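From a predicted model like this one, the values you see are computed outputs, not experimental measurements. Naming: A, B, ... by sequence-line order, numbering from 1 per chain. All values below come from the heavy atoms of this structure, side chains included, with hydrogens, waters and symmetry mates left out.
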Amino acid sequence: MEPMNKANNQVLLPSDQVVEVVQQNLLEWYGENKRDLPWRENKNPYRIWVSEIMLQQTRVDTVIPYYERFLSRFPTIESLAAAADEDVIKAWEGLGYYSRARNLHSAVKEVVAEYGGKVPDKVAQISKLKGVGPYTTGAILSIAYDKKVPAVDGNVMRVFSRLFTIEDDISQQSTRKKMERIAEKLIPESSPGDFNQALMELGAMVCTPQSPKCLFCPVQSVCKAYQQGRESELPRKKKATSPKSVDVIFVWIVSENKVLIEKRPEQGLLAHMWSLPTIEQAKKENYLEVFNEFCDTKNIQLTNLIIRGNLDHIFSHIHWKITLVQADLKKSVSLPDEWEWIALNQLHTRAFPNVYRKALQQLVSI
DNA sequence: GACACGTGGGC
DNA sequence: TGCCCAAGTGT
């Protein structure tokens, strides 16, 4: 293996003949093999948009039920624009990357206010919307409006890496720009949306990260990696660093069938989401000190501490080692602004990220 | 450019 | 089991 920084900076564009074969074979294959997915029912730009946001870093099978519920709850761009923030987040609960929902909501409101509810069909306008980056710009413009704009995602980068034996590290942002130049040459005038989707579909179904199904690949005849038997070596990608381990305490405070919940800060991990009161960066050694400091900060007093259990939750970049601690709240002058008593049987009305759902299950189900 | 940002599935 | 991932974007 060559070192990763030795990748060629030159963009070697595919020949006209290769372009021809890829276009024809891929479009024909897509026509016969594409999956029947809910966002392929029509080309409503709003529906395409929602699907593209949900699909970011998220599997198709995971997205489908969320997509169906979301579109049935917010069937039009106007209905989403008019919705309360809480309702939008609640519909996103469990999907992860919650800033996607906030950005989508904000962008949809902008489209209704600035563009009369019509999703823009110009790169300059749509790429300014919150949560719409280079990939989503290309996806919406090509799929919904049949514009010849690249939509280069992880699938496309993997397909191109193999098809043209591109050695660049696909985790580098600069690599995507190179891939976009190739895509611009490859996309046919006639059906850019189908072609972009065909590229992604190929990556998802045939040109998979592990064990690619080269024997069934419609572009096998022009694939350089296959010709060289190197399909398992490509694409190149820097190994991810493993999540950093952090000790965390969730505090379980119940009184008269009510429990204290906490609204998380507006920035950072699980921003805006409901949670149990959480002590982050807690040292496991001395709970008392940790709790005293916590009580000082919140201007409250906690007594009768009992450890109720432990829980691990691994985010993409952080590993929470959670201790569930039950406590009683001594009478205090006032509750912190971010805290609220809620009836146990009303917990389901709030949007909790999954890590807190798991904790609640453990605590409530005896 | 590098890192933050969730979750669940597959091997 | 632990690691890699899955239709990226914001900072």
Hey, does R102(A) reach any base, or is it just sugar-phosphate, or nothing, if we go heavy atoms under 4.0 Å? nothing

Identify each donor-acceptor pair in which a side-chain atom of residues 338-356 of chain A lies under 3.5 Å from a protein atom, sequence neighbours left out, and give them as a table.
from, atom 1, to, atom 2, distance (Å)
E338(A), OE2, K298(A), NZ, 2.5
W339(A), NE1, E262(A), OE2, 2.8
E340(A), OE2, R350(A), NH1, 3.4
E340(A), OE2, R350(A), NH2, 2.5
H348(A), ND1, N345(A), O, 3.2
T349(A), OG1, Q346(A), O, 2.6
Y356(A), OH, R264(A), NH1, 3.3
Y356(A), OH, T278(A), OG1, 2.6

Tracing side-chain contacts under 4.5 Å among Ile, Leu, Val, Met, Phe, Trp and Tyr outward from F216(A) reaches L215(A), Y226(A)

Taken in chain and number order and not counting sequence neighbours, the residues that satisfy side chain to side chain contact (heavy atoms under 4.5 Å, CB included) with Y66(A) are M54(A), R69(A), L95(A)

Distance-only criterion, 3.5 Å: show the donor-acceptor pairs between side-chain atoms of residues 110-124 of chain A and protein atoms not counting sequence neighbours.
none

Between NZ of K358(A) and C1' of dG6(B) the distance, given in whole Å, is 11 Å

Separation of dG6(B) atom C1' from K244(A) atom NZ, nearest Å, is 17 Å

Salt-bridge present (D312(A), K321(A); N to O < 4.0 Å): yes

So, with a heavy-atom separation below 4.0 Å from DNA chain C, the residues of residues 43-55 of chain A are E52(A), L55(A)

D169(A) CG to dC4(C) P, in whole Å, measures 13 Å

Note: contacts of residues 187-220 of chain A with DNA chain B (heavy atom, under 4.0 Å) are none

Using atom P of each nucleotide, how far apart are dT11(C) and dG6(B) to the nearest Å?
13 Å

Item checked: Short N-O contact, R158(A) and E231(A), less than 4.0 angstrom -> no

- Indicate, with a heavy-atom threshold strictly under 4.0 Å, whether W39(A) touches base, sugar-phosphate, or nothing. base

In numerical order, the residues of residues 59-74 of chain A whose heavy atoms come under 4.0 Å of DNA chain C are R59(A), V60(A)

Side chain to side chain donor-acceptor pair (under 3.5 Å) pairs touching residues 92-103 of chain A, sequence neighbours excluded, are T58(A)-R100(A), K90(A)-E93(A), E93(A)-R357(A)

note: L95(A), atom CG; dG8(B), atom P; distance rounded to Å ~ 10 Å

At under 4.0 Å between heavy atoms, what does R40(A) touch on the DNA or RNA strands: base, sugar-phosphate, or nothing? base

Original post:
For dT9(C), does either OP1 or OP2 sit under 4.0 Å from a side-chain N or O belonging to N103(A)?
Top reply: no

Applying ring-ring contact (aromatic ring centres under 6.0 Å, His included) to Y46(A) and not counting sequence neighbours gives none

Between CZ of R357(A) and P of dT7(B) the distance, given in whole Å, is 11 Å

Quick test: give all pairs of protein nitrogen or oxygen and nucleotides 1-5 of chain B nitrogen or oxygen below 3.5 Å, distance rounded to 0.1 Å.
from, atom 1, to, atom 2, distance (Å)
dA2(B), OP2, Q172(A), OE1, 3.3
dC5(B), OP1, L269(A), N, 2.9
dC5(B), OP2, H317(A), NE2, 2.9
dC5(B), N3, Y97(A), OH, 3.4

Separation of dG10(C) atom C1' from K128(A) atom NZ, nearest Å, is 17 Å

Residues S161(A) and L234(A): closest non-hydrogen pair is O-CD1, 3.5 Å

For T137(A) and I126(A) the tightest heavy-atom approach is CG2-CG2, 3.6 Å

Looking at C207(A), is its backbone amide N or carbonyl O close enough to the side chain of R162(A) to form a donor-acceptor pair, meaning the two atoms are under 3.5 Å apart? yes

DNA chain C nearest-nucleotide lookup for G154(A) and A240(A): closer to the 5′ end is A240(A)

Subject >> salt_bridge(D168(A), K178(A)) N-O dist < 4.0 Å >> reply: yes

Whole-Å distance, F315(A) CZ to dC4(C) C1', equals 19 Å

Those residues at least two apart in sequence (or on a different chain) that pass ring-ring contact (aromatic ring centres under 6.0 Å, His included) with H313(A) are F315(A)

In short, side chain to side chain donor-acceptor pair (under 3.5 Å) pairs touching residues 209-224 of chain A with sequence neighbours left out are none

Problem - same_hphob_cluster(I318(A), I314(A)) at 4.5 Å side-chain heavy-atom cutoff - result: no

- For atom P, what is the distance between dC3(B) and dC4(C), given to the nearest Å? 16 Å

Between CE of M157(A) and P of dG8(C) the distance, given in whole Å, is 8 Å

By nearest-heavy-atom nucleotide on DNA chain C, the more 5' of L129(A) and L37(A) is L37(A)

